[in-house]
Amino acid sequence: NVMAGEVRETDPLGPDEYGYYIYDTYDIDYDIAPSYDWIEIAEGLGDQLNLNDYGNGNFSGSYTYSSEVIDLPFTFTFYGIDYEQIVVNTNGWISFGDFKMYSFRNYHIPGAGGPSPMVAAFWDDMKTTSSGDVFYKVIDNDENQSLIIEWSDMRTYDNNSDEDFQIILTSNPDSETGDGNIKIQYKTFNNTSDGSYPSGGTPIHGCYATIGIENKYGNQGLQYTFNNEYPIAAMPLSNNQAILITTQTPNSIVLGDINNDDIINILDV
């Protein structure tokens with residue numbers, strides 16, 4: 001791969017060493033840029049997970065109840081590896097396989113902190129004590145199936161900020177690598193946890209939320225944001241936005257190219 005030109009905010013983020021890109025809602029020059037289309041599965045519309053979390057890694061009755069393993073309705077390929085199960089955690093991330101972790105303090109990704117492999121939709125120190133719940137549901141599409149995991153009415157431990165977001169996993173057998181697509185949608189986005197770092201002590205919780213992916217070794221991945229810092233190709237997130245994580249290579253749209261021949265000329269008229 002040879003990089004030519006300058007990266008813009010309207011370009012996708014990536015690729016990483018494996019070939020993943022992250023497209024956001026503002027990548028309008030690309031035909032697979034995601035649109036926000038919230039699919040509500042809370043309050044009886046989906047299955048509720050039995051999760052409980054008081055925040056701050058509290059061990060008194062909640063910490064080990066912050067993760068649950070669920071079976072995938074289809075084989076999902078992530079970084080070239082097929083998985084049949086995922087781990088869902090209250091703190092805004094999923095991992096693949098059946099090894100339970102309970103990581104609440106977020107870090108850079110890829111890296112040694114937290115679970116690997118990982119999809120961090122909104123990895124932050126969160127709690128379920130203000131009517132927060134996590135739901136999941138299988139959706140049948142025309143050609144395949146999707147699994148939706150929704151974090152509903154979650155609250156950050158730091159500022160008690162409301163968070164509503166969802167991960168949608170969809171198999172994509174037609175992709176060049178065979179890896180599935182991951183869409184993340186944000187209904188309510190409040191990135192307010194700025195961290196607390198006592199002198200010489202352990203942080204009470206992590207920095208502003210981590211969003212991105214990493215492989216099972218923790219040595220490859222894409223970080224969309226950490227500690228409220230974004231790379232050039234990543235537009236800052238807010239309410240009613242979406243990102244798409246995929247190995248599908250960019251195919252930009254030439255505005256005005258009506259017949260899709262990559263040239264603007266009299267034939268388009």
Side-chain angles (χ1 to χ4, degrees), residues 12-24 32-35 37-39 41 45-49 51 66-103 109-110 114-123 134-151 165-186 210-224 242-249:
L13 178 65
D16 65 1
E17 296 92 331
Y18 181 78
Y20 273 106
Y21 293 85
I22 302 180
Y23 297 80
D24 60 51
I32 63 170
S35 58
D37 183 18
W38 185 260
I39 305 173
I41 63 169
L45 299 176
D47 295 316
Q48 182 176 339
L49 293 173
L51 298 176
S66 63
S67 284
E68 186 169 336
V69 176
I70 62 174
D71 293 328
L72 290 170
F74 50 85
T75 300
F76 189 83
T77 306
F78 186 63
Y79 278 101
I81 299 175
D82 294 340
Y83 294 96
E84 306 290 339
Q85 294 177 309
I86 61 171
V87 179
V88 181
N89 186 269
T90 54
N91 295 298
W93 55 261
I94 65 171
S95 184
F96 294 89
D98 60 356
F99 178 71
K100 282 190 178 182
M101 287 194 67
Y102 310 100
S103 183
I109 52 175
S116 299
M118 169 187 230
V119 176
F122 191 91
W123 184 15
V134 184
F135 300 85
Y136 73 99
K137 184 175 183 178
V138 178
I139 302 293
D140 290 319
N141 306 313
D142 293 336
E143 299 179 355
N144 51 20
Q145 290 182 313
S146 295
L147 175 67
I148 304 174
I149 305 104
E150 178 181 331
W151 287 258
F165 54 94
Q166 56 187 202
I167 292 176
I168 304 175
L169 302 178
T170 305
S171 60
N172 187 13
D174 297 328
S175 69
E176 293 181 3
T177 63
D179 293 88
N181 289 341
I182 304 164
K183 185 177 183 181
I184 306 177
Q185 302 199 109
Y186 300 94
T210 302
I211 297 171
I213 58 172
E214 71 176 28
N215 68 356
K216 72 172 186 176
Y217 303 109
N219 62 355
Q220 292 182 9
L222 273 180
Q223 181 174 278
Y224 192 86
I243 61 175
L244 174 66
I245 303 168
T246 180
T247 55
Q248 185 168 335
T249 54

Please report the shortest heavy-atom distance between [X] and [Y], naming the atom on each side.
X	Y	value
Ala120	Trp123	CB-CB, 3.9 Å
Thr75	Glu84	OG1-OE2, 2.8 Å
Leu222	Ile109	O-CD1, 4.2 Å
Gln166	Ile39	NE2-O, 3.0 Å
Gly218	Ser116	CA-OG, 3.9 Å
Phe78	Tyr83	O-CE1, 3.7 Å

Discussion item. Counting only heavy atoms from other residues, nucleotides and ligands, does the tally under 6.0 Å from OH of Tyr217 exceed 12?
Written reply: no
Fill in: Qualifying residue for side chain to side chain contact (heavy atoms under 4.5 Å, CB included) with Leu147, from Val138, Ile94, Ile139
Val138
Item to complete: Please determine which of Asn181, Thr77, Thr177 meets the side chain to side chain contact (heavy atoms under 4.5 Å, CB included) test together with Asn172.
Response: Asn181
Do [X] side-chain atoms and [Y] backbone N/O form a donor-acceptor pair below 3.5 Å?
X	Y	value
Tyr79	Tyr20	no
Glu68	Leu49	no
Asp24	Ile243	no
Asn144	Ser171	yes
Trp151	Ile167	no

Fill in: Parallel, tilted or perpendicular: ring planes of Tyr186 versus Phe165, cut at 30 and 60 degrees
tilted
Item to complete: Look at the aromatic rings of Phe76 and Phe96 and report parallel, tilted or perpendicular, splitting at 30° and 60°.
Response: parallel
Worksheet entry | Partner residues of Lys183 under the side-chain contact (heavy atoms from CB on, under 4.5 Å) criterion, sequence neighbours left out | Pro34, Asp37, Ile168, Gln185, Ala242, Leu244
Separation between [atom1] of [X] and [atom2] of [Y], rounded to the nearest 0.5 Å:
X	Y	atom1	atom2	value
Ile211	Phe122	CD1	CZ	6.5 Å
Gln145	Leu169	CD	CG	12.0 Å
Thr210	Asn91	OG1	CG	11.0 Å

Worksheet item: Do Ser146 and Asn141 have a side chain donor and acceptor closer than 3.5 Å?
Response: yes
